[in-house]
Engineer: 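My questions will all concern the structure given below.
Please read all numbers here as calculations on a predicted model, not as lab measurements. Proteins get letters first, then strands, A, B, ... in listed order; numbering begins at 1 in each.
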Amino acid sequence: MTSLYALVDCNSFYCSCERVFNPALNHRPVVVLSNNDGCVIARTNEAKELGIPMGEPYFKIRNLVESGQVHAFSSNYELYGDMSDRVMETLARFTPNIEVYSIDESFLDLGDFYGRDIFEYASEIKRTVGKWTGIPVSIGVAPTKALAKVANKLAKKSRKANGVLVLTNPYHLQKALEATKIEDVWGIGGQYARFLRKRGINTAYDFTQLSENWVRQHMTVVGVRLLKELRGESCLELEEVTPPKKGICTSRSFGKKVNSFDELQEATASYAAKCARKLRQQKSCANLITVFAHTNSFSENEPQYYGSKTIALPVATSSDIELIHYADIALKAIYRDGYWYKKSGVIVTGIIPEDNIQLGLLDTVDREKHARLMGVIDGMTDRFGRGKVKVATQGLDNSWQLRSDYLSPCYTTRIGEIQTVYVR
DNA sequence: TCTGGGGTCCTAGGACCC
DNA sequence: TCTGGGGTCCTAGGACCC
């Protein structure tokens, strides 16, 4: 039985989401910006053709936007998350064996479909997703996940493929590997690409000709796995159930420069609460909390500071109130007067299932009461949206928050505004 | 003036134990 | 030249992903 994987990848996903609700933007250059409208994180083909690179700082393309040549959106993750769910639900109609790999990509195990007309089946998947969600996708099919990635990339690039490429024939596989630049291989980043190019390894095909020992020596077992995958030996299985996260991080750059402790405190409390909610959503608790804050490293003329502090919690928790409390202690330990802070964040680690908590002997927290309160907060957040119910430390003003000047409405999830409610 | 955010895995080296 | 040997656990750092 031969393995067969499809990689379904949404084209310019964030931009495509915006286009679904703005069809006039079809065939026009569109970009989506990162938080704070900092840099470009998604581009349509038309925007790529204008020479806008990935990660380009916004100020460098501002004139293109202001002169109307490019349409820019602030990122709207609520919208993209909801559209992603729709795409993934559609894909799940075609096979139960699906791994949601990222917000815009899924692997499908098509092993059971061997011998059928795979190209026609993949084409039908592409048509159906387009019809039901409005999102264009590209599909690559091959015997391993790494080769499906190769196929997907070519499916996107080649006009002839028109968005669907099946690579099962050995001759076609070799041609595809020869046509794939080493830096375009899944798992080869900038460092390894430079290292390999220096040694004359310029394509994915060159890489497959290396010896296992050499690859292990220079690229660890991760490299060996990739080598085997590209040679057609499947080593990476489909991960159908998402394992709980081992670390959860909430951090942001500020929309403006911040130097007061109070503003940093409000931001940190909000990040701690966000981490707590993410923990509850995956039914976990954390044993450790880290708070960091730093200045803008791009401002070379300003004094620089990076502070970080980790605190071991007495008992693992997912409570807003507790995490905000310890985040505050950590922040007080690292805060230094006289710096312009640009970014701060909260990371929770030492994550365990919530039904596996070791209670402390000296524990004085009423955990049941906390759990009930958090349940109420989560319920209200689900109904009324983020930030409508919160612990008072998170603040009322929030002038430190994100800048997003070009935000589209949350077309799919917004249910109307209500007054913010505070919990003390 | 303006440069994202959130994850994963692997390895090496130190602490500690018997 | 030669310092016991062999585990485990933890952390920091480096690579990668979208």
Engineer: Is any side-chain nitrogen or oxygen of A:S102 closer than 4.0 Å to OP1 or OP2 of C:dC17?
Structural biologist: no

Engineer: Contact class for A:V100 (heavy atom, under 4.0 Å): base, sugar-phosphate, or nothing?
Structural biologist: nothing

Engineer: Charged N to carboxylate O below 4.0 Å: is that the case for A:R197 and A:E183?
Structural biologist: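 Salt bridge: yes.
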
Engineer: Does a salt bridge link A:K131 with A:E124, judged by any charged N lying under 4.0 Å from a carboxylate O?
Structural biologist: no

Engineer: Any ion pair linking A:R43 and A:E56 (charged N to carboxylate O, less than 4.0 Å)?
Structural biologist: no

Engineer: Runs of at least three consecutive Watson-Crick or G-U pairs, both distances under 3.5 Å, are what I'm after; which ones involve DNA chain B?
Structural biologist: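 Looking at DNA chain B, the stems formed by three or more consecutive pairs are B:5-18 with C:5-18.
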
Engineer: Using the rule for Phe, Tyr, His and the six-membered ring of Trp, do A:F298 and B:dT3 stack at under 5.5 Å and under 30°?
Structural biologist: yes

Engineer: I want to check a possible cation-pi pair here: A:R199 against A:F195, using under 6.0 Å from ring centre and within 45° of the ring axis as the test.
Structural biologist: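 Pair A:R199/A:F195 counts as cation-pi.
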
Engineer: Under 4.0 Å: is that the gap between some side-chain N or O of A:K257 and OP1 or OP2 of B:dC2?
Structural biologist: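 For A:K257, the contact criterion (side-chain N or O under 4.0 Å from OP1 or OP2 of B:dC2) is not met.
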
Engineer: Hey, is A:R280 close enough to A:D320 for a salt bridge, meaning N to O under 4.0 Å?
Structural biologist: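 Salt bridge present between A:R280 and A:D320.
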
Engineer: What contact category does A:L33 fall into here, base, sugar-phosphate, or nothing, at under 4.0 angstrom with non-hydrogen atoms?
Structural biologist: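 Answer is nothing: A:L33 stays at 4.0 Å or more from every strand.
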
Engineer: Reckon A:E56 touches a base, only the sugar-phosphate, or nothing at all at heavy-atom distances under 4.0 Å?
Structural biologist: nothing

Engineer: Given that A:I248 and A:R62 both sit by DNA chain B, which one's nearest nucleotide is further toward the 5' end?
Structural biologist: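 With A:I248 and A:R62 compared, the 5'-side residue is A:R62.
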
Engineer: For the C1' atoms, the ones on C:dG4 and on B:dC17, what distance do you get once it is rounded to whole angstrom?
Structural biologist: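 Roughly 14 Å separates the two C1' atoms.
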
Engineer: Using a strict threshold of under 4.0 Å (side-chain N to carboxylate O), is an ion pair present between A:E263 and A:K256?
Structural biologist: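 A:E263 and A:K256: salt-bridged.
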
Engineer: Report yes if a side-chain nitrogen or oxygen of A:K149 is closer than 4.0 Å to either non-bridging phosphate oxygen (OP1 or OP2) of C:dC17; otherwise report no.
Structural biologist: no

Engineer: Given the rule in the side-chain contact (heavy atoms from CB on, under 4.5 Å) test, do A:V31 and A:I52 qualify, once you have shown the distances and angles that lead to the verdict?
Structural biologist: CA-CA 9 Å; A:V31 299; A:I52 300 174; 4.3 Å; yes

Engineer: Can you name the atoms? Protein N/O to nucleotides 8-15 of chain B N/O, anything below 3.5 Å, with the distance.
Structural biologist:
unit_1	atom_1	unit_2	atom_2	d
B:dT8	OP1	A:K246	N	3.1
B:dC9	OP2	A:K246	NZ	3.1
B:dC10	OP1	A:R225	NH1	3.4

